Amino acid sequence: MDVKILSIDDLNDGDVGRLFFRARSFATDLRNLNKGSVIVMTAFFEPSTRTKLSFATASLRLGFDILNFDPESSSLKKQESFEDTLRTLASLGIDLLITRTSRALEEQFIRTLPCSFINAGDGINEHPTQALLDCFTLLQAWRCDDFCGKKILIIGDVAHSRVARSNLKLMRRLGAEVAILAPSTFLLSEASEKLLSYERFKDLPNNFDAVMVLRIQKERLEDPLLFSDIEYFRAFGMSKKRLDSLGPQCLILHPGPINISIEIDEDAAYGPNSLIKAQVQNGVYVRAALMEYCCC
Ligand code: NCD
C-alpha cells in the first residue's frame, strides 16, 4: 500500500509514536539504519551533464543510493547561510560527497562533512575523475599499461581548464610527453618543465599519438576575447584534415561539452579516430571504481 504524507494530519497519534520509536532506535545505533547500503550525495554548483549523470549511473550500478543536493532549489534560496546548509548536510550521515564548486567552498564542505569526498571539478584547479577516465580510455585504445613513448597534444583553453591541469599530471605520470597548442592568452601561466607550448598550428610536429581538444571556458574569462568564434576555428579548430596532419593514427579526445564549429568540427568529433563516446562510457566505470575505493 502506498503511503502519502502531505500533511502532519496524515499521521495519527499511534503512527507518530511508532515513528518516534524507530527514529530513537536509529539514533541509538546507526547500524539499525544501515542496511548495508552506501549513501552518496552530489552537490553541483555548476552545470554538468556527463560528470553528474555518470556519477549517478555508477552509483546505481554499485548498488549505492544517491541523493542530489541542488543549490538552486535548496534553502540557500531562502537566505539560509552556506554554513547552516553545510551543518544540515553534515547531520544527514551520508557516506560519500561529490561536489562541483569553487576550491573555497569545497574546502568548507570537506571541513564540515565527516565522509568520503570526490571532487567533480573545482574552478580551474582539478577534475581528477576526468583525467582518470581520459587516461583509462587512451590505455584501452592503445591496449597498453602506460604512455611511455606516447606524444599527446592538448589544444585550446588550457589556462582555464581543470581538465587540462589534472590530465597533464596524470598523463605525464604515466609516461607521456605532453604538448600544448593555444593562443598566448590560453597557455598555462604556471611554469611547467618539459611542457612544449605552441601558438600556431603550422609549427606543430606531425608525430602525435593523441590530441585532446578543449572548449573555451567562456564562463571563466575575465577579459573579453580578442577573436571571434570563426577566427578561433580558423586558427585552432580541429578538422579531419588537421587531425590527419598531427599523426598517422592520431586519436581524438574531448571532455565535452562540445561546441561544434568553434573548437572542433563534426567530422573530427564523430569520425573513426574519435574516442569521445568511449570517454563517456568509461566515465561510468572509472567513477564506479573510485567510488568503491572511497566507500568499501
Ligand atoms: C569539463 C568540465 O566541466 O571541466 N566537462 C566535463 O566535466 N565533462 C570541461 C568543460 O566544461 O569544458
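Residue numbers run from 1 in the order of the sequence given. Just so we're clear, the structure is a prediction, and the values are computed from it rather than from any experiment. Whatever order the structure lists them in is the order used to number ligands and atoms, beginning at 1.
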**Q** State the atoms of ligand 1, each with its element, that fall below the 4.0 Å cut-off from a heavy-atom position in Gln130.
**A** 6 (C), 7 (O), 8 (N)
**Q** Report all side-chain donor-acceptor pairs from residues 58-67 shorter than 3.5 Å, counting only partners two or more places apart or in another chain.
**A**
| from | atom 1 | to | atom 2 | distance (Å) |
| --- | --- | --- | --- | --- |
| Asp65 | OD2 | Ser37 | OG | 3.1 |

**Q** Could you check atom 12 (O) of ligand 1 against the protein and tell me its nearest heavy-atom contact, residue, atom and distance included?
**A** Gln217 NE2, 2.6 Å
**Q** What I want to know is whether Arg215 and ligand 1 share at least one N or O pair that is separated by under 3.5 angstrom.
**A** yes
**Q** Could you list the atoms of ligand 1 found under 4.0 angstrom from a heavy atom of Thr51?
**A** 6 (C), 7 (O), 8 (N)
**Q** From the options Gly123, Pro257, Pro255, select the one whose nearest heavy atom is closest to atom 8 (N) of ligand 1.
**A** Pro255
**Q** Taking 4.0 angstrom as the limit, do Glu46 and Arg162 come out as a salt bridge?
**A** yes
**Q** I need the atoms of ligand 1 closer than 4.0 Å to a non-hydrogen atom of Arg162, numbered in the order shown.
**A** 2 (C), 3 (O), 4 (O)
**Q** Compute the minimum heavy-atom distance from Gly121 to ligand 1 and say whether it is under 4.0 Å.
**A** no
**Q** Looking only at protein heavy atoms, identify the closest one to atom 7 (O) of ligand 1 and say how far it is in Å.
**A** His127 NE2, 2.7 Å
**Q** Nearest 0.5 Å, what's the CZ-OG1 distance between Phe109 and Thr99?
**A** 6.0 Å
**Q** Give the atoms of ligand 1, by number and element, whose distance to some non-hydrogen atom of Val163 is under 4.0 Å.
**A** 1 (C), 4 (O), 9 (C)
**Q** Specify the closest pair of heavy atoms between Lys151 and Asn207, including all atoms of both residues, with the distance to one decimal.
**A** CE-ND2, 3.3 Å
**Q** Would you please determine whether Glu46 falls within less than 4.0 Å of ligand 1 on a heavy-atom basis?
**A** no
**Q** For the pair Asp229 and Lys218, find out whether any cationic side-chain nitrogen is under 4.0 Å from an anionic carboxylate oxygen.
**A** yes
**Q** Would Thr137 and Gln279 count as having a side-chain donor-acceptor pair, cut-off 3.5 Å?
**A** no
**Q** With no hydrogens and no angle check, do the side chains of His127 and Arg100 hold a donor and an acceptor under 3.5 Å apart?
**A** yes
**Q** Check step by step if side chain to side chain contact (heavy atoms under 4.5 Å, CB included) holds for Asn167 and Val178.
**A** CA-CA 10 Å; Asn167 258 302; Val178 186; over 6 Å; no
**Q** Considering only protein heavy atoms, which is closest to atom 5 (N) of ligand 1, and at what distance to one decimal place?
**A** Gly256 O, 2.9 Å
